Structures are given as structure tokens and as C-alpha cells.
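Below: one structure, written as C-alpha cells.
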There are 2 protein chains.
Amino acid sequence: MSLTEAKQNPDTRERILDAAEALFVEHGFEATTMRLITGRAGVNLAAINYHFGSKEALIQDVFRRRLTWLNEARLSALERFEKEARGAPLKPHQIVEAFFGVSLRMAADTEHGGHTFMRLLGRTYTEPSAFVRQFLADEYAAVVPRFKQALFRALPDVPPEEILWRFHFMLGAMSYAIAGTDALQLVAEHELDEKDPEALSRRLMPFLLGGLRAPLAGQAVKAKEKTPRKAA
Amino acid sequence: MSLTEAKQNPDTRERILDAAEALFVEHGFEATTMRLITGRAGVNLAAINYHFGSKEALIQDVFRRRLTWLNEARLSALERFEKEARGAPLKPHQIVEAFFGVSLRMAADTEHGGHTFMRLLGRTYTEPSAFVRQFLADEYAAVVPRFKQALFRALPDVPPEEILWRFHFMLGAMSYAIAGTDALQLVAEHELDEKDPEALSRRLMPFLLGGLRAPLAGQAVKAKEKTPRKAA
DNA sequence: GCTCGTTTCAAACGACCGTTTGAATGATAC
DNA sequence: GTATCATTCAAACGGTCGTTTGAAACGAGC
């Protein structure tokens, strides 16, 4: 079995991927057993090892199935803006839209599993497992530098490393918002509109932009601060 | 190794808690086995079940050991500001300081394990396990409503549910910043100052405040926005 | 000396893990 | 029908999991 294998398969592969995706969100990778997955998918236990080779390979395929498309969408959104700009630096909100807007739109798709996947992806950014982290880094290798560069050009007055940190902060805010575990039950009583994904985008994007464009720590803060804790 | 020196019993409980805390950060709850913990702690395998009862109970004690103190520190910081304000609403930056500033200061303590714990805590906000989520919710039950109220008073013009969402976003940004897995290796080449926890606070706090005070989606954005994507 | 309650220890327990096996099944082409 | 191939299936594999056990070691009081 070499190149001809991935040709025709009934829906067994897809059903395994769907079941695994949902269960990984519910219980995490470790706690999701092969028997749980095959049970929900309605296939034989051995099907996973037959079709994917191992549990690790299954995990990677669960991500690959959607992440490749997502990153291509992010890149093409960025390129569309860059084409419009004709060499001029992009606006910060365009870059944020290209990366996070596209992501949020995928998270809004509850019918084809995009929502489930984005919850999984958000949760996985904090995954300790080494091979998952390495895999994610590889998948993002083509995307991250492009967005880095765009942000550097868009914010020439902000130190590059500060920009990278803020990108990191934005990623964290979005991931939590989508993963939406809400461990602290902050928004427990408003669960209704949590289901409205368009609303999430309307809430999150201003927050991200506000954070990205916030004045730096050293800059004047209108002399509001009375007790400088350590004199930066 | 140095079993001759460790013959004395420097509180087996604490050594187990320390080892477990570090290993949970490294590998997560599921992948951290009792044998790994007792091995690193230099105690017998049965010691965990003897001193804590079960693995679940150990996990809860790992959190309780520091989280109770942390939440009390958050509350007392808030109360100190409220005392100063003499009934007037607090400034947003004071509330953010009371909650996130205190957290970041604990994360800055690399000597007594505060840093390790905050990484664990940040990662755990996305933990799928039901009993961990319930436990966290209980631990925060006394803290969250107080900060909610303070924020509502501080930002009377912002809809309450919007404030809760932004609190959620801030929590996400901080958690990622501290957990700091950096799956996308955004700041890989700047790992040096990642170790400086004071720098993290200087970077994160402006971001959080910028996001918290950002104009709402419906409000005017200085006519910068040219392509209203959906006309909120 | 001995007792008693606490803590440590090596060994084992049953359950469940991911994976493998070899036979049964199904579809396709001759 | 027969041969060929991919797929499914029940059953079992060796390991590792969290937990339990009963005995050994320890320390304080007498």
C-alpha cells in the first residue's frame, strides 16, 4: 500500500475524524481512547490503526484536514489586502481581520464542524505534548512570518518584539473566547448569545485592536498612575 | 543518588506537591503518572494515595495550596483600592491591577514556585476535565462577583455583558502569556527576556487596558474604517 | 524492654490502554 | 466460479495505569 491507498474509502475515515475531533474537544487527547472514538464513529476498534496507522497519526490528520485550509485562507486574505494597498503598509485592522477574522468566521460555522475544530485548535495552543506542538509549529511555518512582516510594516513606531508579544496576547484572547470553557463562569448567565458566532466577532475584534494599538508602557498615560510600582 | 542526605523526612506531602505541580505543567494531568510524581519526589509510590487519597485529590490540593492565597490577595488588593476611593467607582486600571497585576506578580516569583503554578493555572482554564472545571469555579466563586461589580461601576457606559466578555478576553491573553507555550514560535528568538517576568507585566498591562477600554463595535472609529463588513 | 499510632515500602491487583493478528467479508475483474 | 485485493471484525497481546495490601520501619510515651 503506497500511493494508491488513499484513493477510495467509504466514509469510515471521515466518520473517525469527525468523532475524534468532537471527543478531543470534550475530553482532550489523552483521555480520549481509541474505543471511545470507534464507538462513537460506529466502526471497528482496529479501523483507526488500519486507516491512520496510530493514534498520533490520527491526531495529526484531524488537524491537517482543516488547518491547511484555514492557513491558506488567512494567507490569501492577507494577500488580497496587500494587493489593494499596492505596496503601502497595511492598516492594523486589516491584518487582524486577515488572521483573526478568518478564524472567527471558521469558528462561526457550526454546521460543517468548523466550530468544533476551532475550539480544539484554541485549546491545543496550550497543549503540553511535544509532538503536537512541533506539528503546529510546522503547519504555521508559512503563515507566521508573513503576518509578522505585515505587522512590522503597519506599526513602524512599535518595537518589533512588542508587536510579537501583542500578537501572542491576541492569539490567547481569541483562543479562550472560542474554546469558551469559561472556567470562571463569568458569562454563565449569558450563554444564549454565546451561541451567536457573529456576535463573538463583533465583541472580540474591537478588543484585539484596542490592545494592539494601546500606548506602550513607557509612554505617557495621562499621569493617571499614582503609585509607580517599580519605576520602569 | 543522594538518598543518604534525603533520609530525613522533609515533609513528604510538600515534596509530592512540588513534583506534581512541575510535572502537571510539563505533561498535563493525564500524562503525568503517579510513578512519575513519586519518582521525582523521591518517595514511595503508595505515598500519594496515603497522604492525599487519590490522584484527583492530589490535583485539587496542588491548586488549593496556592490558589486560595492568590484569590485572597486579589480581593484584598481590590478592597484596598475601594477603601482609597471612598465609595467612588474605581478606575479600570485599578481593577485590572488588582486582578491581573497580582497574578503577574505571583507569576514573577520563580523561586518559590509561583511561576510554575501560574503556568499551570493558565493552562488549566482550558482543561476539559469536568471535576477540574468545577473545582476552579468553586474556588473563584467569592472573587468573580466582586470584580464583576467593580467593573460595572467603573464602566457605566459599557453594557455589562460586554464587560464580562472583555474580562474573559483579558483572562485569555494573560493565561497564554504566562503559560507561554508559544506553539507558533512567534517570540522564539526573544526567549531571553521571556524569562524576565517584570517585562511581561510591562507588556501585558497596557494591552489589557487597551482592549478593555476599546470603543464598542457600533461606535465611531474615527472614520478610519472604510469597509463596514456587515453594518452592525 | 514493650506498645501503639504513623509513615514507608515492595509487591501485587484488576482495569484499561494502544496495537496487532488472522480469519471473515465484500467488491471487482477475469 | 475463481482469484485478488481492500476492508472489517472479534479476540487477544504486552504494558501501564491508579489503587490496594500487609508487612516493615519509625518515633514517642511508658
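Chain A is the first sequence line, chain B the second, and so forth, proteins listed ahead of strands; every chain is numbered from 1. Since we're looking at a predicted model, the values are computed, not measured.
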Salt-bridge present ([X], [Y]; N to O < 4.0 Å):
{"X": "E30(A)", "Y": "K55(A)", "result": "no"}
{"X": "D61(A)", "Y": "R13(A)", "result": "yes"}
{"X": "R119(A)", "Y": "E21(A)", "result": "no"}
{"X": "D138(B)", "Y": "R133(B)", "result": "no"}
{"X": "E162(A)", "Y": "R166(A)", "result": "yes"}

Please list, for nucleotides 12-21 of chain C, all pairs of protein and nucleotide N/O atoms separated by less than 3.5 Å.
unit_1, atom_1, unit_2, atom_2, d
dG18(C), OP1, K55(A), NZ, 2.7
dG18(C), OP2, M34(A), N, 2.9
dG18(C), N7, R35(A), NH1, 2.9
dG18(C), O6, R35(A), NH2, 2.9
dT19(C), OP2, N49(A), OD1, 3.4
dT19(C), OP2, K55(A), N, 2.9

* Taking atom P of dA6(D) as reference, at what distance in whole Å does atom NE2 of H51(A) sit? ->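 My rounded result for the distance is 12 Å.
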